[in-house]
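Following: one structure in structure tokens, then a few remarks.
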There are 2 protein chains.
Amino acid sequence: MAGLKENVTMKTIAEEAGVTLTTVSRILSNKGGKYADKTKKKIFAIADRLKYRPNALVLGMQTGETGTAGVMIPASDFFYSQIISGIHEVFLNNKTIMLLSWNYAILKKEDELLERRIIHQLVDRRVDGIILRPSCEEFERSYFEEIWERNIPLILVDREMAKISTDFAGTDDEAGGKAAAEYLISLGHRNMLFVGAGNSVSTSRHRETGFRKVLSESPNACCKSISTDQKNAKESLLNFFKQQTSRPTAVFCYNDPVAEWVVSSVEETGLSIPGDISIIGFGNDSSGNCNIPLTTFDQHPQKIGAIAAQMYLDRVNGTAVGGIRRELVAPDLVTRASARPLNKPA
Amino acid sequence: MAGLKENVTMKTIAEEAGVTLTTVSRILSNKGGKYADKTKKKIFAIADRLKYRPNALVLGMQTGETGTAGVMIPASDFFYSQIISGIHEVFLNNKTIMLLSWNYAILKKEDELLERRIIHQLVDRRVDGIILRPSCEEFERSYFEEIWERNIPLILVDREMAKISTDFAGTDDEAGGKAAAEYLISLGHRNMLFVGAGNSVSTSRHRETGFRKVLSESPNACCKSISTDQKNAKESLLNFFKQQTSRPTAVFCYNDPVAEWVVSSVEETGLSIPGDISIIGFGNDSSGNCNIPLTTFDQHPQKIGAIAAQMYLDRVNGTAVGGIRRELVAPDLVTRASARPLNKPA
DNA sequence: ATGAAAGCGCTAACAT
DNA sequence: ATGTTAGCGCTTTCAT
């Protein structure tokens, strides 16, 4: 099938045209422009006919610049895939293309090895830089050694790592937490619960901080916290309810999946949402499984991606001004049905 | 701040060790293994200390194989991002990494140019093959010329293109349409509506075909069709209702976004779902915006991606057996709240 | 206005 | 058990 001479190189063209490789190179790359129009036309015509395409591998090898970015962000999550999409859009206009791979989380030693392998795949292909969503906030060393030490520009998204100072684009989680508190307060709620993922997850931590800051300034407001994972969500929540003398009237969950577990757990106890309890999520990426449209926060992941891509280009092109950049996108409340004004007790 | 000698090559190592480049090459790549243990150890030690990494660009240039796949699938859609995720998982175990880029749809001439540019980015980087979700089923030529003619293995996902015969992995849309009809019939519905995207979209067409096949064998069942896009959804639907003497009791929508438009349009007329009308979507990727959990079909996108990746590897490695492969994954009904048994009229 | 030759990092065929 | 040399596709001096 098809046709096309195998492996058309500048040499092929030079031979066809009866000139040297050098001539072809200079004409096609438009350098040292003192060539006869006739020659130019001939070369372009042959290149066109033979559908010549430059070998970017060679260029990359020679110049050290590949126009290729390493992107380590899971496409498996909707939220992250939107970040990837935002990066893509910026790259499209900047002759940059992404090598995409990721390790979802570092849970066991094996995951660290996998991550190292991925970084090697990128380094070996000589990416100009890397945009990374840390798979874990504790094991900084694996990144540090493999990327930072080679002076490869590194941009972090979504999660920061305490020990690495480099450009970062993410969500203003604290502002989000504050906004959640303000909204619930405005609905009349005072007795609240925060369901998070523990202090080791910075996003969860910051959302709680913002949430509590506002509540602490609000008379009569109080907030308990629990943290949980998918497996134990139901149990944790029911245990918590049992221990309380007064049930919270509103729950702020650190992300939408957690909010969905909470919704289904609460429903199983026979309580109704938002009748008995208002629930707010975070991330605006709830699945179609939820029985009630979730009030939540849009983190504008596309925008976060676009910012990260711009940071990347600035570093790679050396056009970065000032020191390390840290940009936080403010999340926006998405009002839906799972939270509503508190019913005054009769 | 970092450190590490700039640009460590085999030459660097050879000089440090007082041997030739060739020696280093053979030892590190483990070929022609007749080297003194002492030499081997020394070389490995130096490579390790200097954190030597092979230059994959050079290897690619020499062998013509880059271990890099071109993947043109939009990460912006949840459904597609799951396909990407499925591909990724297979690639992880096969030393393959993807260059990701896409053109979402071909609507204007500009889009075709963009798409060509993307294909060139991939070709120039000498990808071993390409996995592609056609952005349009009509403009086959742009792909054909740029990929097929160069004998670059091409795998299609999700959408087929009539004029190109190559490996394909997608959904068994007709089976899905049939299952939808069977389900609605079993709920007692007879008067149905199909809302699609027109005959130019093969997935929509196939789902409708399956749907109608079953209905045509079912006594008293009847089905009208309309096709629409996001802008005109509401209007089209309301117009349709006005024209009918008897309102359909069930609507099968060709995907979840369409189903969501239909849900909100129906709700605006004052009718209730599923009380007055049952609605089924397709794709299991509804947003959190829908007022009612959508009954839909899971297309198992991860599986589709994994199949496509395997097809890719088989072609690239030359391990493909038989002719062109075409694999369809059967979608599974996801029963939620938007469809329910027909109320017998009083 | 064009050519010759060196070199990028590495492999492989051909020595010794 | 190790070195020499040519070559992959291309750019870039340094000629003429």
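Numbered from 1 within each chain, the chains take letters A, B, ... in sequence-line order.
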Discussion item. Whole angstroms only, please: what is the NZ-P distance between A/Lys11 and D/dG7?
Written reply: 8 Å
Practice prompt. When you get a sec, tell me which of C/dT11, C/dG9, C/dT2 is the closest nucleotide to the side chain of A/Ala36?
Written response: C/dT2
Discussion item. For the backbone of A/Arg126 and the side chain of A/Thr66, can you confirm whether one donor and one acceptor N or O come within less than 3.5 Å of each other?
Written reply: yes
Worksheet item: Within less than 4.0 Å of OP1 or OP2 of C/dG3, is there a side-chain N or O belonging to A/Thr23?
Response: yes
Worksheet item: To the side chain of A/Thr22, which of C/dC8, C/dA5, C/dA13 is closest?
Response: C/dA5
Worksheet item: For C/dC8, does either OP1 or OP2 sit under 4.0 Å from a side-chain N or O belonging to B/Asn7?
Response: no
Practice prompt. When you get a sec, tell me which of C/dC10, C/dC8, D/dT11 is the closest nucleotide to the side chain of B/Leu59?
Written response: C/dC10
Worksheet item: Between C/dG9, C/dA1, D/dT11, which one does the side chain of B/Thr9 approach most closely?
Response: C/dG9
Worksheet item: Between B/Ile13 and B/Val19, is any pair of side-chain heavy atoms under 4.5 Å apart?
Response: no
Fill in: Within-4.5 Å side-chain heavy-atom neighbours: A/Val123 and A/Arg150
yes
Worksheet item: Has the side chain of A/Arg26 got a donor or acceptor that lies under 3.5 Å from a partner of the other kind on the base of C/dG3?
Response: yes
Worksheet item: Quantified as the angle between the terminal helix axes (five pairs each), what is the overall bend of the helix from C/dA1-D/dT16 to C/dT16-D/dA1 to 10 degrees?
Response: 50°
Worksheet item: Given A/Asp314 and A/Arg325, is the salt bridge (charged side-chain N to carboxylate O under 4.0 Å, His left out) satisfied, shown in steps?
Response: CA-CA 11 Å; A/Asp314 287 344; A/Arg325 288 174 63 189; 3.2 Å; yes
Discussion item. In whole Å, I'd like the distance from the CD atom of B/Gln62 to the P atom of C/dG9.
Written reply: 13 Å
Discussion item. side-chain hydrogen bond (donor to acceptor under 3.5 Å, both in side chains), that's the test. Do B/Arg125 and B/Thr68 meet it? Break it down for me.
Written reply: CA-CA 9 Å; B/Arg125 284 168 179 78; B/Thr68 306; over 6 Å; no
Practice prompt. Could you state the atom-to-atom distance from CZ of B/Arg126 to C1' of D/dG9 in whole Å?
Written response: 9 Å
Worksheet item: Starting at CG of B/Leu21 and ending at P of C/dA12, how long is that distance when rounded to a whole Å?
Response: 13 Å
Response to the item:
Distance col, row A/Arg159:CZ vs A/Leu132:CG, nearest 0.5 angstrom, shows 10.5 Å
Worksheet entry | Phosphate contact (D/dG3 OP1 or OP2) by B/Tyr35 side-chain N/O below 4.0 Å | no
Item to complete: Using only side-chain N and O atoms of B/Lys31, determine if any of them is under 4.0 Å from OP1 or OP2 of C/dA12.
Response: yes
Fill in: Side-chain heavy atoms of B/Glu160 within contact of B/Arg326, under 4.5 Å
yes
Item to complete: Would you mind reading off the distance between B/Met10 atom CE and C/dC8 atom P, rounded to a whole angstrom?
Response: 15 Å
Worksheet item: Over how many whole Å does the gap from B/Leu57 atom CG to C/dG7 atom P extend?
Response: 21 Å
Worksheet item: So, is B/Thr39 near the phosphate of D/dA1, with a side-chain N or O under 4.0 Å from OP1 or OP2?
Response: no
Discussion item. Just N and O in the side chain of A/Thr20: are any of them under 4.0 Å from OP1 or OP2 of C/dT2?
Written reply: no
Practice prompt. Mind calculating the distance between CG (B/Asn55) and P (C/dG7) to the nearest angstrom?
Written response: 19 Å
Worksheet item: Does NZ or CZ of A/Arg133 lie under 6.0 Å from the centre of the six-membered ring of A/Tyr80, at an angle within 45° of the ring axis?
Response: yes
